[in-house]
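Here the structure is a predicted model, which means the values were calculated and not measured. Residue numbers run from 1 in the order of the sequence given.
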Amino acid sequence: MQSNTKTKRSKRSRTGLWVILVAAIVLEAVSSLQYFYSRAGLRAEAERRAQSELRRAELEINVVTAQHEAAVRMLAMLVERNLNNADSVFSATRTVLECLDNVNNVCVGFVPDYFPKYGRWFEPYSSRETKDGEEYIYTHQIGGENHDYLQMEWFSNGMTIDSTWWSEPYYDDSGAREMVVSCSYPIHNPKGEIVAVALVDLSLEYLQNISEYLQVYAESSYSIVSNRGLDIVPPPDTLPGRKYHIFREEIDATGWYISIIIPDEVIYADLNHIGEIVGLLMLIGLMLLLLIVWYAGRSNKRLLEYTAKNQRMESELRIGSAIQNAMLPKVFPPFNDRLDLDVYGKVNPAKEVGGDLYDFYVREDKLFFCIGDVSGKGVPAALIMAMTRALFRSITAHADNAAVIVSELNSSFTEQNTQNMFLTLFLGVLDCKTGVLNYCNAGHNAPTLNNKLLPVVPNLPIGIIGDFEYQAQSTQMSYDDLLFLYTDGLTEAENIKHQQYGEERMLQTLSGINNNRPREVMDIMQSSVESFVDGAEQSDDLTMFAIRYQIPAIVMRNDIQQIPTLAEWIDGLGIPTELNMPVNLALEEVVANVMLYAYPKENSGKVFVEFTKLSIFDSQTSLIFTVSDSGVPFDPTSQPPADTTLSAEDRSIGGLGIHLVRQLMDEITYRREDDKNILTLIKKI
């Protein structure tokens with residue numbers, strides 16, 4: 001009996017041992033598989049995080065390099081306008097720094113002996129510096145024997161490459177006095193010959209500061225290498241025997257490569273720690289370990305999935321927010337040197353990131369602007385927004401017609417639209433000299449002009465049909481006209497009763513806005529919407545953008561009855577009050593003379609008056625008024641000076657008008673150009 005009992009116990013023990021052994025084998029196999037898949041998951045997650053951060057850094061660098069390329073083109077354009085005046089070159093370098101806050105160093109290098117009085121080397125240089133909390137712009141000539149820019153790569157390539165060109169990193173010992181990369185662009189004389197090279201520096205300190213954005217893990221590091229393999233930001237020293245993962249991305253604008261370097265042990269630190277815990281538990285007891293590992297495995301899997309999900313969401317939100325902040329205009333007022341434009345815009349996303357966008361800039365006295373709404377939300381919409389903004393800047397650099405711009409943008413967008421998303425867009429080109437607005441609407445809400453809806457052709461949204469033929473429209477804007485653009489987040493804003501704000505309520509609110517500035521228009525509309533929704537959760541992005549056209553020019557018919565409008569226009573220019581009267585008298589005399597005598601009695605014509613305010617090195621400001629007409633040729637400055645000492649009976653008829661103008665203004669010049677009489681009046685203050 002006892003023998004049978006022992007036999008049974010022995011069998012049970014052996015069975016138990018076999019169960020434990022099988023359980024141990026199964027546990028070990030499960031642990032090994034879990035470790036393998038967890039390791040692969042952590043590796044994939046590290047790669048996703050690194051690639052996301054690399055793309056964000058690439059986008060930021062592309063934005064800055066695009067801004068510097070625009071700055072160097074702007075500098076070249078300013079220099080080419082008055083190429084034979086050395087002083088204007090100094091002024092051009094200062095103007096670029098005054099207009100662009102993100103550019104710190106610019107210069108222009110001329111071919112040898114271009115300006116004989118400066119000798120063989122002439123390199124005007126302007127830099128932005130801060131002393132005692134105040135920002136200053138210093139301008140001086142740095143070319144010479146000790147700084148022979150003629151031998152430098154940026155100058156030699158700028159003389160041969162007829163486009164923007166980025167240099168390899170180098171130490172600028174005469175200008176910025178730090179490590180920089182430079183963007184150069186050739187300057188042509190009227191014959192088309194390259195006579196100088198414009199240069200804008202980008203400090204490597206900016207690129208080094210990207211490290212704070214690329215800390216994917218505590219011990220991760222980064223490097224940037226030029227397209228020739230030179231270290232812009234050198235990689236860290238590696239330890240022998242230590243394994244690393246390297247993730248790399250090319251920067252399209254410059255051809256550089258940026259890399260994130262992460263030690264293996266950092267990526268798998270959590271997994272290794274869990275493995276140690278599992279091993280310790282196995283030593284305590286296989287049976288207990290079996291249960292613990294089973295629960296620990298499930299908990300660990302859930303924890304990894306939950307952590308990865310949260311990290312992806314947080315990473316996407318950070319990326320989307322950074323994309324929007326980098327893309328949207330931030331500086332208002334944007335054109336301190338222009339009196340003809342007052343613009344303002346704002347984006348109020350419904351979530352952390354949204355799909356609305358707006359952008360604008362001025363090229364060759366034309367304001368290019370757009371507003372759009374990407375279908376969908378989140379990071380995909382933010383990336384589409386960034387791509388659209390980049391395409392807008394790229395295409396408008398060489399095209400002026402709104403339909404052509406939208407068609408090219410649609411074609412490029414459709415080719416890259418892997419997400420099958422679409423975009424509603426309104427794009428306009430405002431000629432600041434004439435007030436003509438050329439625009440194209442791609443399925444977007446019709447904007448308002450002076451509180452009335454602007455007629456729009458219902459073109460398809462962008463991204464639906466790649467070869468769709470878009471139609472452009474035009475309208476004439478006048479002095480003090482207000483153009484208001486918005487997305488459907490305004491008209492479709494809902495209150496707690498699910499009632500929409502609506503187009504009618506928007507027009508009613510705008511009708512109460514008279515001469516308010518665009519920023520004030522935004523505030524009034526925002527307050528109106530918030531009052532309507534009364535605390536209801538915002539369901540869609542709300543973007544608004546306004547342009548008030550304050551053209552520094554006036555066009556009049558050759559009708560003497562229009563003279564009073566000239567005084568109203570002068571009052572709106574913002575010139576010193578004490579100059580209003582003399583300027584008004586002088587211009588009235590000139591304009592009245594044109595209206596009465598420039599055109600034959602049976603013909604109608606126009607008189608154009610333009611205003612420019614010019615400051616030279618902050619020492620003197622000139623108010624410049626240009627009066628032009630297409631009438632019969634006549635040079636009033638050729639009239640002999642009136643002899644005011646004679647009596648009225650002894651003086652010849654005429655001449656007193658131009659005499660009065662000469663007394664009121666500091667300079668007066670005449671020229672006949674393109675079949676036009678052009679009289680320039682200058683008042684210095």
Side-chain angles (χ1 to χ4, degrees), residues 67-131 134-150 152 154-155 158-159 164 172-178 180 182-190 193-203 335-338 362 364-365 612-624 667 682 684-685:
Q67 292 170 344
H68 281 65
E69 289 180 359
V72 77
R73 290 177 181 271
M74 173 182 176
L75 176 58
M77 178 189 70
L78 292 175
V79 173
E80 289 178 349
R81 287 183 176 178
N82 201 358
L83 191 57
N84 293 325
N85 187 339
D87 291 339
S88 70
V89 181
F90 288 99
S91 178
T93 60
R94 291 182 61 87
T95 298
V96 171
L97 294 188
E98 290 169 352
C99 295
L100 303 173
D101 293 336
N102 59 338
V103 177
N104 294 323
N105 305 290
V106 300
C107 71
V108 179
F110 283 82
V111 296
D113 302 313
Y114 188 84
F115 291 102
K117 73 174 185 178
Y118 287 98
R120 176 178 174 81
W121 300 276
F122 181 59
E123 185 184 5
Y125 181 92
S126 287
S127 62
R128 192 191 314 276
E129 297 182 19
T130 302
K131 289 186 178 180
E134 294 291 327
E135 186 176 272
Y136 300 89
I137 295 178
Y138 293 92
T139 303
H140 51 283
Q141 204 284 105
I142 64 173
E145 294 184 34
N146 295 329
H147 179 64
D148 187 1
Y149 62 87
L150 301 174
M152 294 185 178
W154 65 264
F155 183 83
M159 293 294 295
T164 54
D172 184 1
D173 58 351
S174 297
R177 300 189 184 281
E178 62 177 337
V180 298
S182 300
C183 182
S184 62
Y185 190 78
I187 297 174
H188 303 80
N189 63 15
E193 301 168 335
I194 299 176
V195 297
V197 178
L199 185 76
V200 174
D201 289 337
L202 172 58
S203 171
F335 312 119
N336 290 325
D337 59 336
R338 301 191 69 95
V362 172
E364 298 176 353
D365 278 329
T612 305
K613 186 176 182 181
L614 179 63
S615 297
I616 302 177
F617 295 114
D618 298 329
S619 61
Q620 187 179 66
T621 299
S622 296
L623 307 181
I624 305 173
E667 295 181 23
I682 299 178
K684 298 179 180 178
I685 59 175

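- Side-chain contact between Asn104 and Ser203 is absent, with no heavy-atom pair separated by less than 4.5 Å.
- Nearest heavy-atom pair, Cys107 versus Glu123, reported as atom, atom and distance to 0.1 Å: SG-OE2, 3.4 Å.
- The line from OG of Ser127 to CZ of Arg94 is 10.0 Å long, rounded to the nearest 0.5 Å.
- Scanning all heavy atoms of the two residues, the minimum distance from Val197 to Ile187 falls at C-CD1, 4.3 Å.
- Put simply, CG on Asp172 and OG on Ser182 are 6.5 Å apart, with the number rounded to the nearest 0.5 Å.
- Here Ser126 contributes atom OG and Phe90 contributes atom CZ; the two are 8.5 Å apart, rounded to the nearest 0.5 Å.
- Atom OH in Tyr125 sits 5.5 Å away from atom CG in Asp201 (nearest 0.5 Å).
- Contact of the Val72 side chain with the Thr164 side chain is registered, since non-hydrogen atoms from C-beta on lie closer than 4.5 Å.
- In this view, Tyr138 satisfies the ring pair (Phe, Tyr, Trp, His ring centres under 6.0 Å) rule with no residue, not counting sequence neighbours.
- Atom CG of Asn146 is surrounded by 12 or fewer heavy atoms from other residues, nucleotides or ligands within 6.0 Å.
- Between the Asp113 side chain and the Arg120 main chain, a donor and an acceptor come within less than 3.5 Å of each other.
- Across all their heavy atoms, Glu69 and Cys183 have their closest contact at CG-SG, 3.7 Å.
- Atom CD of Glu135 has more than 12 heavy atoms from other residues, nucleotides or ligands within 6.0 Å.
- Heavy-atom minimum distance, Ser184 versus Gly158: OG-CA, 4.2 Å.
- To the nearest 0.5 angstrom, Met159 atom CE is 9.0 Å from Leu150 atom CG.
- Looking only at distances, a side-chain donor or acceptor of Arg128 sits under 3.5 Å from a matching main-chain atom of Val103.
- Phe155 pairs with exactly one of Tyr185, Trp121, Tyr149 by the ring pair (Phe, Tyr, Trp, His ring centres under 6.0 Å) rule, that one being Tyr149.
- Here the shortest heavy-atom pairing between Thr95 and Leu78 reads CG2-CD1, 3.9 Å.
- Remark: Gln67 CD to Leu100 CG distance equals 8.5 Å, nearest 0.5 Å.
- Contact detail for Ala198 and Leu75: the closest heavy-atom pair is CB-CD2, 3.9 Å.
- Checked against ring pair (Phe, Tyr, Trp, His ring centres under 6.0 Å), His188 has no partners two or more places apart in sequence or in another chain.
- Ring geometry for Phe110 versus Phe122: interplanar angle of 30 to 60°, hence tilted.
- Side-chain contact between Met152 and His147: present, with at least one pair of heavy atoms (C-beta onward) separated by less than 4.5 Å.
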